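See below for the structure under consideration.
Proteins get letters first, then strands, A, B, ... in listed order; numbering begins at 1 in each. All of these numbers come straight from a predicted model, not from anything done at the bench.
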Amino acid sequence: MSSVVNTAVDLRAESRDVVVTRLDSAVDWARKNSCWPMPMGLACCAIELMATGASRFDISRFGAEVMRFSPRQSDLMVVAGTCVYKMAGVVKRLWEQMPNPKWCIAMGACASTGGMFRSYAVVQGIDRILPVDVYISGCPPRPEALLEALMALQRQIEHEKSIENLRQDQHQPRLGGAPVRGPIVVQG
Amino acid sequence: MATQREMEIIDSAYRAQLALEEELSGDKMLVNMGPSHPSTHGVLRVILELDGEVITDLTTDIGYLHRGDEKIAENMTYTQFIPYTDRLDYLSPLANNVAYAYAVEKLLGVTVPPRCQYIRVICSELARISSHLLGVGAMSIDLGAMSVFLYTFTEREKIYNLCECLSGARFTTSYTRVGGLAHDMPAEFAPMLRQFLDEIPAAIDETDKLLSRNKIFLARTKDIGVLSRADAIDLGTTGPILRASGVDWDIRKAHPYSGYEHFDFEVPVGTVGDCYDRYLVRMEEMRQSVSILRQAIEKLPEGPVNVDDPKIVLPEKKAVLTRMEELIHQFIQVTAGINAPPGEVYFSAENPKGELGFYIVSKGGGTPHRLKIRGPSFVNLQALRKMSVGHMVADLISILGSIDFVMGECDR
Amino acid sequence: MTPQAAAQQLVEHLGEGVGEPAEFRGEVTMVVGRDKIAAACRFLKEHCGFDMLTDLSGIDNYGEEPRFAVAYHLYSLTHRCSLRLKVLLDEDDALVDSVAGVWSTADWHEREAYDMFGIRFAGHPNLKRILMWEGYPHHPLRKDFPLAGLPADLPATAEEAGRVETANMLGGPYFSGPGQRGTVSREPRQYDTAAEQADKLSSPNKAEPV
């Protein structure tokens with residue numbers, strides 16, 4: 001973990017088990033390694049999401065195998081699949097029900113931009129309704145791409161100023177209150 | 001303090017009975033289930049009317065994955081629509097590709113060569129095993145048996161490897177083309193398939209051992225969600241649901257397509273029509289698919305895979321780049337599409353979920369005038385109400401798992 | 001029983017109102033008048049063994065008269081044959097009898113045809129939209145509707161539809177965080193005077209300043 005650079009290990013005999021680090025590093029380390037996804041598995045990408053959770057690709061290595069279908073218990077919404085207008089209100093409401101801090105991965109072409117469904121019923125990208133941190137291209141993206149996206153998100157979380165965000169009003173939407181970071185795009 | 005009513009009734013036994021009846025006659029609750037719920041079946045919304053734990057009425061609300069495929073088809077050439085067919089039943093994309101290719105070929109009035117038919121059979125049966133593995137896996141994880149889900153997914157990864165070898169993509173393959181296939185089967189596919197066929201029966205047997213005589217599984221699926229034979233036919237259900245209800249009907253036997261008449265296989269038919277029967281039908285279908293795959297790979301004929309018609313199949317690239325006639329054919333096929341005659345056809349294939357049908361109305365030209373996709377899940381889901389009313393909410397989970405529907409082909 | 005034989009029997013049974021059977025690629029199609037379709041379906045189901053309705057779809061022939069068509073795909077499990085019936089409908093009078101009484105499966109198919117084309121089915125138990133949301137003003141599969149869609153209001157939430165009332169927040173939301181007041185002073189309901197309580201109950205969701 002890269003927060004090692006921020007710690008000072010005290011090697012004296014009487015205090016050999018003490019680690020001194022910045023609070024931000026500790027909180028960020030805990031948060032990035034235990035991102036509990038809320039799988040918004042809408043269409044075909046959900047199958048690749050399930051495959052990532054299964055034994056071959058094993059999202060559990062990254063601490064994210066606890067797929068919480070309840071928004072109240074999750075940190076990371078993985079929108080996997082086409083979002084249609086009928087479903088958009090539901091996705092938005094579930095996003096708002098997730099407590100802060102929360103992140104979003106738009107998995108696949110349909111979630112990123114509407115994909116190949118340029119039709120009357122499809123929302124052309126879920127970034128029209130909620131803020132997205134990582135976009136993954138692909139139709140569907142390989143599980144390796146989803147893991148790469150998760151790792152990219154983890155690298156981003158590592159550098160968040162979590163304590164400062166806590167001190168601010170927690171109910172401001174992240175895009176409005178927190179420092180702006182560019183979205184990450186991962187090739188699927 | 002006794003109410004006026006209590007004071008009016010003198011007999012204590014009668015009063016006790018009344019108290020009991022009042023307790024039981026509660027109000028009915030309307031509970032919403034979905035469209036985001038922890039079942040791997042997609043975005044289905046079910047509105048339950050519950051009397052306690054028992055379902056008294058059920059309304060299904062679909063359309064949360066309606067992407068406008070049929071409207072898109074009216075704006076695409078026949079070849080351009082092939083990737084959209086992958087996304088219909090996204091658990092068995094190869095089977096959808098095959099069904100669509102045959103539908104368009106029926107409209108054009110062409111027959112593909114035998115090698116192509118055998119390869120398409122291999123595609124369909126691989127897709128069938130893949131879909132049933134996930135169906136059984138999802139059903140078991142919904143009922144609490146998570147290990148089975150992981151084991152079936154491991155086997156599906158092997159099928160994904162095969163699909164990747166065959167078409168280049170793990171699961172949205174877009175492998176068939178009108179008049180043939182995208183390319184011939186690669187040389188390394190046959191040994192991979194043989195190795196897979198040696199390994200898969202053990203996996204099916206393991207799943208069988210874990211579930212089929214498991215007390216908990218039996219308690220949750222036996223006599224749950226019974227669909228009688230008459231109801232199954234009346235509701236238009238097809239596939240494992242219809243066969244589990246006792247109707248011996250399989251399109252591969254009734255109206256053989258793609259050379260299925262040359263294969264020797266049996267069709268499992270259930271008796272009761274409950275969730276357990278549907279599960280058993282799927283397990284046995286997987287075993288029959290393994291047998292068909294073995295026969296197909298052993299008897300695979302040599303020869304071309306594409307129809308020998310330059311107006312339907314893209315010519316060889318070498319010829320396109322050097323000769324005029326092939327260049328023109330390529331140009332017209334890619335830009336305007338394959339010129340289909342005016343007319344209408346309906347072709348249906350035995351997909352893992354049921355009968356996938358394509359009703360194509362053509363007024364000539366390269367794009368269809370109307371393409372109706374008869375998705376088996378759309379029709380099978382209508383049976384949900386009949387199967388569930390009277391059962392408890394927990395039984396509904398078993399029933400949803402046993403219907404094994406996919407919202408991609410339900411909502412299209 | 002072949003499709004041709006079944007078509008012949010239908011012609012004999014109904015007489016007028018049934019067109020000549022047409023054949024293409026081995027399939028038989030017959031045009032049936034819209035007032036005869038329910039009787040035709042019932043006859044075919046009961047006397048010719050067409051016990052399954054495989055598909056029912058609407059078709060929009062924009063620019064032709066009559067504009068709409070409904071295609072019924074019947075299948076007989078006993079005789080293993082299929083038959084297609086078509087009903088042609090005018091644009092301003094797109095009404096046809098429902099066959100949901102003959103085969104229960106027609107229920108959802110007809111709802112989809114209504115949703116996508118606007119074809120109405122008389123006698124249908126529950127003719128509502130099925131794929132698009134209730135209140136969507138257009139019929140998407142009509143040829144004059146563009147693929148990219150036309151503006152429409154998003155589905156009404158349950159609140160807007162009046163089916164659900166939001167719970168009274170009573171001065172909340174009460175959340176925990178550093179720098180917030182303690183829980184006792186934060187949720188002062190027991191310390192509210194009667195007037196303050198009435199005020200909170202009457203005007204829900206008025207967030208208390210922190």
Side-chain angles (χ1 to χ4, degrees), chain A residues 38-58 60 65 67-71 73-74 77 79-91 93-95 97 108-110 114-123 138-145 188, chain B residues 32 34-43 45 61-73 75-76 80-81 83-84 86-93 130-131 134 137-138 141 146-147 149-158 160-161 164 169-172 174 406-408 411-412:
Chain A
M38 177 177 174
M40 186 54 60
L42 304 172
C44 347
C45 282
I47 308 301
E48 287 295 55
L49 179 61
M50 283 156 55
T52 318
S55 7
R56 184 178 179 184
F57 296 101
D58 200 14
S60 167
E65 86 278 15
M67 301 257 176
R68 283 288 182 241
F69 286 86
S70 165
Q73 299 169 8
S74 55
M77 179 181 270
V79 184
T82 324
C83 183
V84 301
Y85 282 110
K86 194 169 179 181
M87 188 68 191
V90 176
V91 177
R93 189 188 306 162
L94 289 167
W95 172 255
Q97 286 177 348
C110 293
M116 61 181 186
F117 296 98
R118 185 105 176 85
S119 71
Y120 53 91
V122 173
V123 179
C139 193
R142 287 187 65 104
E144 287 99 329
Chain B
N32 177 58
S36 162
H37 63 106
S39 153
T40 46
H41 305 294
V43 285
R45 178 170 176 235
D61 188 11
I62 63 172
Y64 290 91
L65 194 57
H66 174 66
R67 300 181 270 204
D69 273 350
E70 295 176 357
K71 183 103 186 159
I72 290 173
N75 291 276
M76 300 251 155
Q80 283 174 330
F81 190 66
Y84 293 88
D86 281 328
R87 277 90 180 155
L88 287 175
D89 173 5
Y90 40 79
L91 303 174
S92 58
S130 170
S131 171
L134 191 137
I141 195 176
M146 188 167 169
S147 319
F149 172 80
L150 292 172
Y151 294 160
T152 55
F153 256 76
T154 313
E155 300 309 314
R156 288 191 88 234
E157 288 293 333
K158 293 180 191 160
Y160 280 174
N161 285 346
E164 202 175 5
R170 272 160 60 94
F171 78 102
T172 43
S174 300
V406 148
M407 293 319 281
D411 293 337
R412 290 156 272 129

* **Part of Tyr84(B) lying under 4.5 Å from any heavy atom of chain A** => both
* **Top contributor to chain B interface from Ala121(A), Cys44(A), Ala54(A) [non-hydrogen pairs under 4.5 Å]** => Cys44(A)
* **Pro93(B) versus chain A, the contacting section by heavy-atom distance below 4.5 Å** => neither
* **Polar contact flag, side-chain donor to acceptor under 3.5 angstrom, Arg56(A)-Asn161(B)** => yes
* Can you list the steps and then say if Arg142(A) with Glu164(B) is a side-chain contact (heavy atoms from CB on, under 4.5 Å)? -> CA-CA 11 Å; Arg142(A) 287 187 65 104; Glu164(B) 202 175 5; 2.6 Å; yes
* Asked: Hey, is Lys86(A) close enough to Asp411(B) for a salt bridge, meaning N to O under 4.0 Å?
  -> no
* Asked: Is it the backbone or the side chain of Ile62(B) that comes under 4.5 Å from a heavy atom of chain A, or both, or neither?
  -> backbone
* Is there a side-chain contact between Met67(A) and Pro39(A), using heavy atoms and a 4.5 Å cut-off? -> yes
* Ignoring hydrogens and geometry, is there a side-chain-to-backbone donor-acceptor pair from Arg45(B) to Tyr64(B) under 3.5 Å? -> no
* Decide whether a cation-pi geometry holds between Arg156(B) and Phe153(B); the criteria are a distance under 6.0 Å from NZ or CZ to the six-membered ring centre and an angle within 45° of the ring axis. => yes
* Asked: Do Val122(A) and Cys110(A) touch side chain to side chain, with heavy atoms closer than 4.5 Å?
  -> no
* Asked: Are Glu157(B) and Ser55(A) close enough, and set up right, to give a side-chain contact (heavy atoms from CB on, under 4.5 Å), and what steps lead you there?
  -> CA-CA 10 Å; Glu157(B) 288 293 333; Ser55(A) 7; over 6 Å; no
* **is_close_aromatic(Phe171(B), Tyr90(B)), centroid dist under 6.0 Å** => no
* Structure fact -> Bottom line for Tyr120(A): the part with an atom under 4.5 Å from chain B's heavy atoms is side chain
* Structure fact -> Counting heavy-atom pairs under 4.5 angstrom with chain B, the leader among Met38(A), Met40(A), Glu48(A) is Glu48(A)
* Toward chain A, the part of Asp69(B) with a non-hydrogen atom under 4.5 Å -> side chain
* Find the one option among Gly408(B), Pro83(B), Pro35(B) whose heavy-atom pairs under 4.5 Å with chain A are most numerous. => Pro35(B)
* Asked: Which of the residues Thr172(B), Asp86(B), Thr154(B) is involved in the greatest number of heavy-atom pairs with chain A at under 4.5 angstrom?
  -> Thr172(B)
* **Structural part of Gln80(B) lying under 4.5 Å from a heavy atom of chain A** => neither
* Would you mind checking which part of Asp89(B) comes under 4.5 Å of any heavy atom in chain A, side chain (CB onward), backbone (N, CA, C, O), both or neither? => neither
* **Part of Ala43(A) within contact of chain B (heavy atom distance under 4.5 Å)** => both
* Hey, which of Asn75(B), Leu91(B), Val406(B), Leu150(B) has the most heavy atom pairs under 4.5 Å with chain A? -> Leu150(B)
* So what's closer than 4.5 Å to chain A heavy atoms on Arg170(B): side chain, backbone, both or neither? -> side chain
* Check each atom of Ile72(B) against the heavy atoms of chain A and say whether the ones under 4.5 Å are side chain, backbone, both or neither. => side chain
* Structure fact -> Honestly, the part of Phe57(A) sitting under 4.5 Å from a heavy atom of chain B is side chain
* Asked: Does some side-chain heavy atom of Pro140(A) sit less than 4.5 Å from a side-chain heavy atom of Ile47(A)?
  -> no
